[in-house]
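Worksheet for the structure shown next.
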Amino acid sequence: MKKIRKAVLPVAGLGTRFLPATKAIPKEMLPVVDRPLIQHVVDEAREAGIEHFIFVTGRNKAVIEDHFDRQYELEVTLTERRRFADLEHLERDLPVPGQTSFTRQQSPLGLGHAVWCARDIIGEEPFALLLPDVLVQAERGCLGQMMDAYREINEPANVIAVEEMAPERLHEYGVVGAGRTVGKAFEITSMVEKPARGKAPSSLIITGRYILQPEIFQFLETQSWGMGGEIQLTDAMIRLALSQPFYGVKFEGRAFDCGSKIGFLVANIAYALARPDIGPKLRKNLEEILRE
Ligand code: G1P
């Protein structure tokens, strides 16, 4: 079975839900504690063994490219000030030269279209897809857990991370139907993007982490407009599922929908509380605020 080496990270969204913060800064650069959202997602992919990162960008996203590059003035200043620990951290986060790609989605035509923009860079390999709106806090990263399940399945299959969601929120997500359990995964029997209220096949939503076979691009190529007048990835997956298996993985950990203000704020608190350097102090401060 082919190793999964490449990951697609769609970062072309406008981030209108975070205006005015995102007027001049991409939402993917908003910090969760002291690392940009996108860096957390790259960390998760790296931990899972991903070697090449493909960013599908759009207008006003150039700073994402800069973030994954050297910053010489900063390095010189940090060296002069003997801030070697900071320098080392920056060095550790740098991607390997030649193992990032940036391609543009010129028009916001939907997630399916964004993924399709990466087809030439992916080629004929299975690949990972991580939506940077979603952060998963877990001992072993979400994509890593999916890779374990994928290796266990040991056939060219598609794997999707899923989580339980309250019935009143199912219509905001892609939802899967669940079949037979296979090791750490289960067979997906159906998928629907943003089901009408009461029409979801289960309470398991698609979390924003995928392992996909390259055949998905054939379906994205001819995919017609779906929900919200956009090219939907889920619609192309439904067609691919007629000829290839799809498995769901209920990952261990907690997912934060950082595309919403509440999700983003709660992610900041949860990630900060987990940090030994600031967690205890933050907890004390939060307790004080909550008592008032
Ligand atoms: C996308 C997917 C959806 C998935 C969600 C996870 O929707 O289309 O299936 O459940 O991400 O965040 P979006 O959030 O782009 O509307």
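Note that ligands are numbered from 1 as they come in the structure, with each ligand's atoms numbered from 1 the same way.
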So, [X] and [Y]: side-chain donor and acceptor under 3.5 Å apart, yes or no?
X: Gln218; Y: Arg239; answer: no
X: Ser101; Y: His52; answer: yes
X: Arg169; Y: Tyr173; answer: yes

[atom]: nearest protein contact (heavy atom, Å):
atom: atom 4 (C) of ligand 1; value: Ile206 O, 3.4 Å
atom: atom 9 (O) of ligand 1; value: Glu193 OE1, 2.7 Å
atom: atom 12 (O) of ligand 1; value: Val134 CG2, 3.7 Å
atom: atom 11 (O) of ligand 1; value: Leu131 CD1, 3.4 Å

With heavy atoms of [X] as the reference, note each atom of ligand 1 found under 4.0 Å away.
X: Thr234; result: 9 (O)
X: Tyr173; result: 10 (O)
X: Lys194; result: 7 (O), 13 (P), 16 (O)

Heavy-atom pair with the smallest gap, counting every atom of Pro245 and Glu155: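 Scanning both residues, the minimum pair turns out to be CG-OE1, 3.8 Å.
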Non-hydrogen atoms of Leu135 and His40 that approach each other most closely: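 Shortest heavy-atom separation between Leu135 and His40 comes out as CD2-CB, 3.6 Å.
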Nitrogen or oxygen of Leu111 less than 3.5 angstrom from that of ligand 1: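 N/O-N/O distance below 3.5 Å does not exist for this pair.
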Phe18 and Phe264 aromatic ring geometry - parallel, tilted or perpendicular at 30°/60° bounds: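 Ring orientation, 0 to 90° scale: perpendicular.
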Plane angle bin for Phe217 and Phe127 - parallel if under 30°, tilted between 30 and 60°, otherwise perpendicular: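 Plane angle under 30°, so parallel.
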Structural part of Asp257 in contact with ligand 1, heavy atom criterion under 4.0 angstrom: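 No part of Asp257 is near ligand 1 at this cut-off.
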Under-4.0 Å protein heavy-atom contact, atom 14 (O) of ligand 1: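 Given the 4.0 Å limit, the answer for atom 14 (O) of ligand 1 is no, no protein heavy atom qualifies.
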